[in-house]
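For reference, the structure is listed below as structure tokens.
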Amino acid sequence: MTSSLNVEQTRDMFLYTGEQMIKSKPYLTELDSAIGDGDHGVGMEVGFANANEKLRNGTFASINDIFKTVGMTMISTMGGASGIIFGTMFAGGIKGMEPLTRLDAGSLAEIMERALAAVKERGKADVGDKTMIDAFEPAVRALKESAARSDDLLEALRRAEEEAARGAENSKGYEAKFGRAKTLGARAIGHPDAGAVSVSIIFRSMREWVERHGA
Amino acid sequence: MTSSLNVEQTRDMFLYTGEQMIKSKPYLTELDSAIGDGDHGVGMEVGFANANEKLRNGTFASINDIFKTVGMTMISTMGGASGIIFGTMFAGGIKGMEPLTRLDAGSLAEIMERALAAVKERGKADVGDKTMIDAFEPAVRALKESAARSDDLLEALRRAEEEAARGAENSKGYEAKFGRAKTLGARAIGHPDAGAVSVSIIFRSMREWVERHGA
Amino acid sequence: MKKLINQPEHVVREMIEGFIAAYGRDYRMLENVNGVVRKEKKDKVAIVIGGGSGHEPLFIGFVGEGMADGAAMGNVFAAPPPDTVLAVTKAVDAGKGVLYLYGNYAGDVLNFDMAAELAEMEGIETRTVRITDDVASAPSDRIHDRRGIAGDVMVFKIAGAAAEAGLPLEEVERLARKANDNTRSIGIALTPGTLPGADRPTFTLPDDEIEFGMGIHGEPGIRREKLQPADRLVDHMMDLLLADLPFRAGDEVVVLINGLGSTTLMELLIVNRRVAQVLRDKGISVYDTDVGSLCTTQEMGGMSITLMRLDDELKHFYDQPAYTPYYQKRKR
Amino acid sequence: MKKLINQPEHVVREMIEGFIAAYGRDYRMLENVNGVVRKEKKDKVAIVIGGGSGHEPLFIGFVGEGMADGAAMGNVFAAPPPDTVLAVTKAVDAGKGVLYLYGNYAGDVLNFDMAAELAEMEGIETRTVRITDDVASAPSDRIHDRRGIAGDVMVFKIAGAAAEAGLPLEEVERLARKANDNTRSIGIALTPGTLPGADRPTFTLPDDEIEFGMGIHGEPGIRREKLQPADRLVDHMMDLLLADLPFRAGDEVVVLINGLGSTTLMELLIVNRRVAQVLRDKGISVYDTDVGSLCTTQEMGGMSITLMRLDDELKHFYDQPAYTPYYQKRKR
Ligand SMILES: Nc1ncnc2c1ncn2[C@@H]1O[C@H](COP(=O)(O)OP(=O)(O)O)[C@@H](O)[C@H]1O
Ligand SMILES: Nc1ncnc2c1ncn2[C@@H]1O[C@H](COP(=O)(O)OP(=O)(O)O)[C@@H](O)[C@H]1O
Ligand SMILES: [Mg+2]
Ligand SMILES: [Mg+2]
Ligand SMILES: [Mg+2]
Ligand SMILES: [Mg+2]
């Protein structure tokens, strides 16, 4: 089991992730309805459906191209807070990076670390603000630790998935500082942030693909 | 037991009748909701409440004055089809009549016969068209028969009440030719006309008052 | 039911007071009756519109420049009494006669006719045009039995322009009648409205059904059918509407997509998209379109489509400006 | 839920097509994004408004003379993507700069800010004023966290007039900010709305309760309370509103009574009656009033009250004419 994906495989992993996100629409709708405006599921569906169409019909020279295509498609088609936030999660990390032709734990950790910085720069949210950062930041920390330990990609994704899920769970305990749940104050406590759950589904989906299709 | 009412008594009989009509509002609303637009109860309430106020605060030289006050108040305050129709039921009969100071079976029959003609002239409806005429015309016929037989007022009103109730019952069997039930066609069959029911309540109330307060 | 009112018995009067509080620069209300008139009396034929309340902005909102001179309002869904119509008539009459325009309902006919008799006794000449645009309310061989719905607005527009142009009473009446003769509407209802103070809606409809042809007081229509995609419903409505006048290739029409209360403007615009497609396909050209809730039934859900066929004469008057709180057109 | 639509995914595009079918004489839509702009480009500062759809006639209906030059529309309740805002920006820019006006929501801020960066790269200067009129959305010490609701219309009116007058970008921006600083709103909800395609309303409320201060996407307000007579509810709303700026005796204001969707015009006028009484009692004079459903939440029931305090400068721009499909003012 090699520990990296080529461009083609990276694309397939993203296609699978997109499909899983689209399937999660009803659940995400339910979560965003409880404390937001209920459109997160639809938004993610629109973004990932458009991204998958681009992935299916395009040709890609590098890993960077794939991240950029997914992210920029989300930014330009989704709208809402999550269009920018999740678009930046994918397109924000590869900005200015040298073209890569293999994705391994190290390069994924680097891309995602830069992406996290970009999302925080755009959105001004920190852990504890009840946003996707609650899941994304611990996931990125896990990726970095795996990279430092030279874990393979699957192991790195397992750790990221685990931390993202824990982060999403933790988001239940927070009051919201952003978006429409903010006005709920303490009434939002007990509900997870929909975007944090999305992050955990994204890492889970990536892990599932890598687990099944080898790496 | 004398067989006629003086001006004062006639006024009291109308006050009582008005109160009974106001009490019937929910029932009339229900009937008009089934096949009309649901406002008949409110309309009658408005008309009789205003008429009663006029009756309570006015002084009246003749029976005619009382009929005219009730009818004209209904015409000018109720609106709707029933404002004109029921207003004419009271104000339409005494038009051009000599002032009366006593109301007996004979004079009531005469007033109501002329009123019926006036309502039919205005509204162009006949028995069988599912309107208040279905109750009013047989009631007037009964009054005339009583007058011809020299029945006393109570007996005349009993007969009128009976015929009006039967007419209202008969109205269930008709398709509507007027008002908003018209578009229902055969779907209106089985429901009585709200206005016909109002006519029967009016005669019942008059009978009740005369029965209790002598005449 | 939930309504922002004080007492059900006072809704009409308080509505009028609220209207005057908003638009009192140009309008005044009459004292003892529910009537609103333009402040400035014009030396021209006067137009009085009216009917039951509960259809706002119809009628109160269409008094003003190039439209009506006064509105006589009854209680909710009830024709105004003759006294109200008479008081409005006297307030707007400038000695050139008064034209009554209202939807053809039994109660309105009785009350406006009696008002006309009273006005005549006071030396005011009146004429009447009853609006009969609702094709679902009676077959075409009983066209005079038809009710008036959103097509009212078209007739007010044309007659208002004719009066504003200084035309004599017979001419204003003729043009109003011509506008009515060339106007057809059809509506559908999705959800019921509720009268102020009532504890139940005026009708019930299953969750997946609509009433095709329902009237603006909840009068039953032609049939109940399943809710379908907007385009299909519009197609059915247009079939009926176009066949009725009939409207033909080469005709030029004004379109009004009217919301009945709670149907969103988004939905009305989606409806208009299809209406425009159908008209284009049939070779009928659209001269102008309005999309909005102009003739409502409380918070009823649904909409109506109105078409008025233009000729040069009607177009001339349609082109004149109108400015009322709820209907505006610039000169074209 | 019952809606007159075709497919939920297509509502925004089809709405825009229906809008152009109705008002295409003066407006055109952009090709690949959900934007509408005035057909005729004016040699002046351009104003771009926008946000999520579902609040119609906001935003699409307020493009036109004396108001905005273009509107960027997102999906229902979702901010438009930067590409849409950018395309509208490029379509309306006449070389004098572009002012962005939108309600202060996280999604809108993110997307408009990114669009501004992209526009800058294309050499177009932009400025931004975020509208924050909803007093219920944050306390006054966090005024910049407040959301924008019906007060949007006031800001569009003033900025639109300033741009139409040929003022430079900084001045138009300053006046928009001044309009926003002087505008306050508060809303209440009685019944929920439903997103197209959703099978449940966006929230639930007991039959006898209202949400005081609810936002236009169903964001929870300050408290739930029993439904009360309209006058009492208005009194509570006015207490909050007047204390906030604060508005004082001697002030002159413009009033907007805004329906949220299914609340009837009759109810809105009854509300305005009380608002006018309260203002009179406080010695605040009313310069102008609009009563209508300008900023909606699908078929949500309820309304908002907006006040804008005028000084001579704001009044001057308020007095200028405006003519859009859903907002018109004659020169005063
Ligand atoms: N400033 C922000 N920083 C990080 N994440 C954010 C921010 N604002 C919103 N989000 C994320 O976006 C999600 C909401 O997305 P979505 O519902 O699609 O958009 P909207 O809030 O416009 O309705 C939230 O659950 C949160 O995770
Ligand atoms: N042309 C008519 N002739 C006689 N009675 C009529 C006529 N039109 C209506 N009515 C009576 O009036 C009643 C309806 O009254 P109401 O509901 O108060 O008025 P509206 O029909 O204007 O809603 C009907 O039930 C019927 O009895
Ligand atoms: Mg959301
Ligand atoms: Mg009735
Ligand atoms: Mg009625
Ligand atoms: Mg949203």
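So you know, we letter chains A, B, ... as the sequences are listed, proteins then strands, and number each from 1.
- C/Glu56 and C/Thr296 form no side-chain donor-acceptor contact under 3.5 Å, judged by distance and modelled atom types alone.
- A donor and an acceptor atom, one from each side chain of C/Asn180 and C/Thr183, are nowhere located under 3.5 Å apart.
- Defined by atom type and a distance below 3.5 Å, a donor-acceptor pair is missing between the side-chain atoms of C/Tyr102 and C/Thr128.
- Heavy-atom pairs under 4.5 Å with chain B peak, among C/Arg200, C/Glu9, C/Met114, at C/Met114.
- There is no contact between C/Asn34 and chain B, counting heavy-atom distances below 4.5 Å.
- For the residue pair C/Arg146 and C/Asn104, no side-chain donor N or O sits within less than 3.5 Å of a side-chain acceptor on the partner.
- In this structure, chain B has no heavy atom under 4.5 Å from any part of C/Val109.
- Crowding of C/Lys2 atom NZ: a count of heavy atoms from other residues, nucleotides or ligands under 6.0 Å exceeding 12.
- Counting only N and O atoms by type, the side chains of C/Ser185 and C/Thr306 include a donor and acceptor under 3.5 Å apart.
- Between chain B and the options C/Gly221, C/Ser137, C/Pro82, C/Ala198, the largest number of non-hydrogen pairs under 4.5 Å is found for C/Pro82.
- Side-chain atoms of C/Thr132 and C/His144 include no donor-acceptor pair closer than 3.5 Å.
- The parts of C/Leu110 that come within reach of chain B are both its backbone and its side chain, each placing non-hydrogen atoms under 4.5 angstrom from that chain.
- Tested against B/Thr17, the residues B/Arg204, B/Arg207, B/Met206 include a single side chain to side chain contact (heavy atoms under 4.5 Å, CB included) partner, B/Met206.
- If you measure heavy-atom distances from B/Ser82 to chain C, you find no contacts under 4.5 Å at all.
- The closest side-chain donor-acceptor pair between B/Asn52 and B/Glu19, if any, does not fall under 3.5 angstrom.
- Taking non-hydrogen atoms and a 4.5 Å limit, the residue list of residues 160-173 of chain B in contact with chain C is empty.
- Contacts of C/Asn75 with chain B are made by side-chain atoms alone, with heavy-atom separations under 4.5 Å and no backbone atom involved.
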